[in-house]
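Worksheet: one structure, shown below.
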Amino acid sequence: MIKLFNTLTNTKEDFKPLKNNEVKMYVCGVTVYDYCHIGHARAAVVFDTIRRYFIYKNYNVTFVKNFTDIDDKIIKKANQEGVTWQEISKKYINEHNKDMTSLNVLAPDFAPKATEFIDEMINICKILIEKDYAYEIDGDVFFSVKKFNDYGKLSHRHLEELLAGARVEINEKKEYELDFALWKKSKANEPAFDSPWGLGRPGWHIECSAMSAKLLGLPFDIHGGGKDLIFPHHENEIAQTEAAFEKPLANYWIHNGFVNIDKEKMSKSSGNFYTIKEVINEFSPEVLRLFLLSSHYLNPLDFSLENLMEFEKSVEKFYLLLDRINDYKASTKKSTDKTEYKSIYENFIAEFEKALDDNFNTPVALSAVFELIKETNKFLDQKIDNNTFIAFKSDFFNTVKIIRDVLGIYYKKPEEWFKENLSIPEDKLMELIEKRNMARKNKNFAEADEIRLALLKQGIELHDTFYGTKYTTHRIHKNL
RNA sequence: GGCGACGUGGCCGAGUGGUUAGGCAGCGGUCUGCAAAACCGCGUAUCCCGGUUCAAUUCCGGGCGUCGCCUCCA
């Protein structure tokens, strides 16, 4: 039984799908006006992992993640660059998708764009006006929060509280300060869509109401996004959808914590952010993904390049083990004193699932992974006969597949990993290894050590094993 | 101002009313020409003050500190 923390009830609950073993989930995507940063990466990786875990548990998952492709910031950027808003949104959708691919985030089943659902949004506005939940003033349509009794149920706030803290907002036409726009009249030279209220464009929240209702139906199981979306975005989405359709929007609301830099929230407006591209220029995306999973998704995650180095080593450790298995020479003699690998394998599966069942506790799941690596190394330290080794490999690669499928890491071949970090041409390296081994043979250890040290400075470590000299590599982070 | 979260060993990071993850770094050892890798061993933490309890890091109250939301934001 999967338990998850539901923002709506502020408690950890058993997950019960609405229908059999189906999970329908909608996750808020990004507004496409710039490159994605690490905060976007965290949300993407968190929900991707949740999705992957449901799939692993044999649920049939329908996963929707949208793009907000029309919005003030997109228009502003388009004006700055002297291009159309479509060119901006297209470009950054494309860049977003590249980033997601590099992070090994599975493509959503649906990746709708707001502008593809204008009719549906207009329809919701019409219904809300008809039902007297919304009103039109001079081409703008606003939602009247006072009329929706449950307003505040997600963010656990009351209108008075919200008003008390509200920064002075000079809005004009609204009947009540906290009312929000469903439809915005467009100014001259702004992108515009035809509507019963004249030319305009949708407000921010309405798109998700339209797309989720159309693509998943109401209610659906899980709605997710970053914690910063709880208010007002998701609160408003609930108000619109539930007022218009008289059905609950989603049963479970999941929100991931922020990525911090020096304890402060990473955000565009504060300027303290790293883009995904900047980071994966310095570290493998796999390292970034592992790092993002290394703390619980509800908690803040402090980002630093130094922290990434730690996880770079973790990834390396795994590939070292794979490499070891590839090279392993089973003993021709019958195994002695061998422990059963079966129990290591079964223990891992149990720990791993227990962790993820409990509100997707990826740090604990990772500790099970690290234990597995250690236990496996220990197992291989014994003398293993061929039959035992073959049986072991089968169990081991089953577990690796689970880790890959669920956590989305460790999907490379070890040689790929080590080669991608190689700082000199491989044939040159082979020459040096050859040269060093000649020196070793001649007991010229000074020369041998000199070669090894020189390579080490370039991020290449040599390991003399009984089946030959192996190399491993790690990136040199000059700028850190 | 209102509401909320958090404070764990050198660092990162979980769980738990009593036997107390995991990782990184460090130290000692096995191995090695020497290393590296791997393995073994060591370190033994829960902001402060009260309270409840046979027992609290875990529950309650207070304090201090950090952060978040109330504005676009993953």
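Bear in mind the structure is a predicted one, so any value in this text is a computation, not a measurement. All chains are named by letter (A, B, ...) in the order of the sequence lines, taking the proteins before the strands, and each is independently numbered beginning at 1. Just the heavy atoms: all of them, side chains too, but no hydrogens, waters or symmetry mates, feed the values below.
The residue A/Phe311 sits apart from the nucleic acid: no heavy atom pair falls under 4.0 Å. Counting non-hydrogen atoms under 4.0 angstrom, A/Asn299 reaches the backbone sugars and phosphates but no base. Residue contacts for A/Glu264: at a heavy-atom cut-off of 4.0 Å it reaches the sugar-phosphate backbone alone, with no base atom in range.
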Summary of protein contacts for nucleotides 32-38 of chain B, nucleotide by nucleotide, where a base hit scores B, a sugar-phosphate-only hit scores S (4.0 Å, heavy atoms): -BBBBSS
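For the residue pair A/Asn66 / A/Glu207, a side-chain donor-acceptor distance below 3.5 Å is found, with atom types taken as modelled. A/Ser284 and A/Arg475 are not linked by any side-chain donor-acceptor pair at a separation below 3.5 angstrom, with hydrogens and angles left out of the test. Remark: the A/His255 side chain and the A/His234 side chain contain an N/O donor-acceptor pair separated by less than 3.5 Å.
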Going through the checks in order, is the side chain to side chain donor-acceptor pair (under 3.5 Å) test met by A/Thr469 and A/Asn437? CA-CA 8 Å; A/Thr469 299; A/Asn437 281 336; 3.2 Å; yes
Check the pair A/Ile50, A/Phe63 against side-chain contact (heavy atoms from CB on, under 4.5 Å), reporting the backbone distance first and the verdict last. CA-CA 11 Å; A/Ile50 290 174; A/Phe63 188 93; over 6 Å; no
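Proximity of the aromatic rings of A/His96 and A/Phe67 is defined here by a centroid distance below 6.0 angstrom, and this criterion is met.
Partners of A/Phe303 under the ring-ring contact (aromatic ring centres under 6.0 Å, His included) rule, at least two apart in sequence or in another chain, are A/Tyr274, A/Phe291.
As the counterpart of B/C69, B/G2 is assigned, both hydrogen-bonding distances of the Watson-Crick or G-U wobble pattern falling under 3.5 Å.
For A/Lys268 and A/Tyr33, the positive end sits near the middle of the six-membered ring, less than 6.0 Å away and at most 45° from its axis.
One donor-acceptor pair, N or O on each side, does fall under 3.5 Å between the base of B/G23 and the side chain of A/Glu310.
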Would you tabulate the pairs of protein nitrogen or oxygen atoms and nucleotide nitrogen or oxygen atoms of nucleotides 25-27 of chain B closer than 3.5 angstrom?
none

